[in-house]
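See structure below.
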Number of protein chains: 2
Amino acid sequence: MTAFRRFNRYFTRRIGVLDDHYLGQDRPLGEARLLFEIGDGASLRELRSRLGLDAGYLSRMAKALQAQGMVRLSAHPRDSRLRMIELTPAGRVEVEEQDRRAGAVAAGLLEGLGEAQRAELTRAMATAQRLLRLAGITVTLVDGAAPDALACLDSYAADIDARFPEGFDKDDLVRPQEVSGDAGAFFVAYEEDRPVGCGALRRLEPGVGEIRHVWVHPDARRLGLARRLLAALEQEASARHFTVVRLDTHAALTEAQAMYRACGYTAIPAYDDNVYASHWFEKRLAG
Amino acid sequence: MTAFRRFNRYFTRRIGVLDDHYLGQDRPLGEARLLFEIGDGASLRELRSRLGLDAGYLSRMAKALQAQGMVRLSAHPRDSRLRMIELTPAGRVEVEEQDRRAGAVAAGLLEGLGEAQRAELTRAMATAQRLLRLAGITVTLVDGAAPDALACLDSYAADIDARFPEGFDKDDLVRPQEVSGDAGAFFVAYEEDRPVGCGALRRLEPGVGEIRHVWVHPDARRLGLARRLLAALEQEASARHFTVVRLDTHAALTEAQAMYRACGYTAIPAYDDNVYASHWFEKRLAG
DNA sequence: ATAGTTCTTTGACTTTAGTCAAAGGTATGG
DNA sequence: CCATACCTTTGACTAAAGTCAAAGAACTAT
């Protein structure tokens, strides 16, 4: 904990300060940040929430950038309350220039290190980032019919449809009422208010729950999030006095199978006739 | 390199922003930073260079903090151009409050992680910090009579005087002229303009150099800096067409001996009658 | 002792950053 | 179609952050 604070202090002094100064070389930091954040186009509303800016403030900065020829503003094709902002070629050049400078600063910062040391630093940073991201993700119980829940299930279905040789039919997803209220539970994992994973629990028979649709967004994989979701589902199952949870999995999802085994699940005979399933697991819950 | 940039971006977004917001809870960020940076007292000049502030700006902030009863200003006892600034008891309370808040934010940030994950994060951060510090240290050739060189030798002498059972006599340090110009070389390691280590090379006999007084400031140990100094000294020796470098070391300095061995030095018979020496080493230089 | 340097203070600015509320044009649910 | 909610723009501010130059006091080197 003290180590964490010490690192933060050192790092923000050392890197953060630089960051600020190179980014806004010839324009205010706010504008530079905005320019950078636009990327391949976005709505003002999106930028406002991403950067946490006041509406008026943002509107003015956008106008200033437009006057400088860095961005183009237009109405959203389907909702003309929203304004879309995108980089002009000149704006793109500017962003690249920012990027080049940032790269040069970073290179200068590391030039004292040898190859092996650089690799070690990269490894350490990747680990730290992975854990910080994981720490920032919260797993929340939501209604099975909540928009975020449905969005996750949609992504899940699209995902496995691409991975299963035989495809996947969305009709085989759980119904919202199966995972809401007394019937079951649905968890969504949020990373900064954006859903990045889900998992469902439903009652299979008295004392027995079934875990379904454990899914993690591609951007949030390899963080250990699936385990967190699984833990939340198991805790919920315990709270509902289930003594056993079961789940099935498709032959193509080998990493998932490995994870279930590592989390204490053991293979059992088929308990249903799910056409997508090739392996069935269960876990006895303590308490 | 890309990984480095990615980490910076993520980290400053995630932590830096928070930092700003909690620090200045009821006072401007600039003042909060200044208050924090004062620590156990400093001169305005020192703070100005540490924080990179304009003299006028700093002067005004100091006055504001004084008016709020947070700091006391006084003249430097020996140079009354300089103004010393130190925390009053009220200021100290304020800094502690800042610190408490920062701690709470940090704790909140990490509460999603388990014990083992936290330990892993701490390890990764410590590694990253160590390497970043090392990357920021530059090793420079200076004149043997330069103030920084003498200051390092002073610290070195005090250091080993405390560690050698028999003490150490400063008269046994190299003379500046032995390590300047054609006679030898002196390197100082700087971390942000502050000397944190040194090492000397002098000619022992034709084709043979001697390395002496390799020292690292206690704050900069365990970074791998001694090796950097050693490498610089060896490179300098090569440039001077020495084919061999020798050095001796005291029985008490066991880590140093291990380092020399790891860097390719082999034990040899005594080549001098240094009263402090118990082990003698040499290394044949390539090229 | 003198010239040049260093450090701080002060006055007089400018630029950034950010806030708040009113107003106007668009969607959306019923 | 109507009330309501949403998104953006504009005007009118404020506070913070930072800059520049002049001036005065104190030190240092010669």
Side-chain angles (χ1 to χ4, degrees), chain A residues 16-17 19-38 41-68 70-86 145 147, chain B residues 12 16-17 19-38 41-68 70-86 145 147 193:
Chain A
V17 170
D19 238 53
D20 282 8
H21 278 259
Y22 71 74
L23 256 183
Q25 201 88 88
D26 40 6
R27 80 176 66 250
L29 184 58
E31 283 184 18
R33 266 206 287 255
L34 177 55
L35 211 52
F36 185 85
E37 204 69 28
I38 292 170
S43 64
L44 289 186
R45 170 167 169 270
E46 198 183 328
L47 290 172
R48 218 177 59 216
S49 81
R50 271 226 294 273
L51 294 170
L53 298 173
D54 173 81
Y57 186 25
L58 176 60
S59 174
R60 253 179 279 262
M61 278 203 293
K63 211 166 69 171
L65 285 173
Q66 189 187 28
Q68 292 166 44
M70 297 289 129
V71 304
R72 214 188 337 269
L73 288 163
S74 57
H76 188 285
R78 302 175 50 202
D79 181 345
S80 40
R81 287 173 305 183
L82 272 71
R83 299 209 79 187
M84 302 304 291
I85 184 166
E86 57 179 342
Chain B
T12 45
V17 170
D19 239 55
D20 282 8
H21 279 257
Y22 71 74
L23 256 182
Q25 200 88 90
D26 40 5
R27 80 175 63 252
L29 183 57
E31 282 183 18
R33 266 207 286 254
L34 177 56
L35 210 52
F36 185 85
E37 204 68 27
I38 291 169
S43 64
L44 288 186
R45 170 167 168 270
E46 198 183 330
L47 290 172
R48 217 178 59 215
S49 81
R50 271 226 294 274
L51 295 170
L53 297 172
D54 174 81
Y57 186 24
L58 176 60
S59 173
R60 252 179 280 262
M61 277 203 293
K63 211 166 69 173
L65 285 173
Q66 188 187 30
Q68 292 166 45
M70 295 290 128
V71 303
R72 214 186 341 266
L73 288 163
S74 57
H76 187 285
R78 302 174 51 203
D79 181 346
S80 40
R81 286 173 307 182
L82 271 70
R83 300 208 78 187
M84 303 304 292
I85 184 167
E86 56 180 341
D193 299 330

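Letters go in sequence order (proteins before strands), and every chain restarts at 1. All of these numbers come straight from a predicted model, not from anything done at the bench.
- A straight line from CD of Gln66(A) to C1' of dT9(D) spans 13 Å, rounded to a whole angstrom.
- Taking every heavy atom of both residues into account, Ala62(A) and Leu73(A) meet most closely at O-CD1, 4.3 Å.
- Across the protein-nucleic acid pair, Asp26(A) atom CG and dT16(C) atom P stand 11 Å apart, rounded to whole Å.
- Distance CZ (Arg27(A)) to C1' (dT15(C)): 15 Å, rounded to an integer number of Å.
- Taking atom CZ on Arg33(A) and atom C1' on dT16(C), their separation rounds to 11 Å, with Å as the unit.
- dC7(D) atom C1' lies 15 Å from atom CD1 of Ile85(A), rounded to whole Å.
- Here the C1' atom of nucleotide dT9(C) and the NZ atom of Lys63(B) are 8 Å apart, to the nearest Å.
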Sort me out a list of protein N/O and nucleotides 26-30 of chain D N/O pairs below 3.5 Å, or just none if empty.
from: dA26(D); atom 1: O3'; to: Ser80(B); atom 2: OG; distance (Å): 2.8
from: dC27(D); atom 1: OP1; to: Ser80(B); atom 2: N; distance (Å): 2.7
from: dC27(D); atom 1: OP1; to: Ser80(B); atom 2: OG; distance (Å): 2.8

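- Listed in residue order, the members of residues 46-59 of chain A having a heavy atom less than 4.0 Å from DNA chain D are Arg48(A), Ala55(A), Gly56(A), Ser59(A).
- End-to-end axis angle of the helix from dA1(C)-dT30(D) to dG30(C)-dC1(D), from C1' rotation axes over five pairs per end: 40° (rounded to 10 degrees).
- With Leu34(A) as the partner, the side-chain contact (heavy atoms from CB on, under 4.5 Å) test is satisfied by one option alone out of Leu65(A), Leu44(A), Leu29(A): Leu65(A).
- The two atoms that bring Glu86(B) and Ile38(B) nearest to each other are CA-CG2, 4.0 Å, heavy atoms only.
- Between Leu65(B) atom CG and dA17(D) atom C1' the separation is 15 Å, expressed in whole Å.
- With sequence neighbours excluded, no residue satisfies side chain to side chain contact (heavy atoms under 4.5 Å, CB included) with Arg60(A).
- Between Arg83(A) atom CZ and Ser74(A) atom OG the span is 7.5 Å, to the nearest 0.5 Å.
- Rounding to whole angstrom units, CZ of residue Arg45(A) and C1' of dA5(D) are separated by 12 Å.
- Listed pair Arg60(B) / dA16(D) fails the phosphate criterion, with no side-chain N or O lying under 4.0 Å from OP1 or OP2.
- For the atom pair CZ of Arg33(A) and CE of Met61(A), the computed distance is 8.5 Å after rounding to the nearest 0.5 Å.
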Side-chain donor-acceptor pairs of residues 45-53 of chain B under 3.5 Å, sequence neighbours excluded:
from: Glu46(B); atom 1: OE2; to: Arg50(B); atom 2: NH1; distance (Å): 3.1
from: Ser49(B); atom 1: OG; to: Glu46(B); atom 2: O; distance (Å): 3.2
from: Arg50(B); atom 1: NE; to: Glu37(B); atom 2: OE2; distance (Å): 2.9
from: Arg50(B); atom 1: NH2; to: Glu37(B); atom 2: O; distance (Å): 2.7

Taking it one step at a time, do Glu31(A) and Gln68(A) satisfy side chain to side chain contact (heavy atoms under 4.5 Å, CB included)?
CA-CA 11 Å; Glu31(A) 283 184 18; Gln68(A) 292 166 44; 3.3 Å; yes

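- By the side-chain hydrogen bond (donor to acceptor under 3.5 Å, both in side chains) test, Asp79(B) pairs with Arg81(B), sequence neighbours left out.
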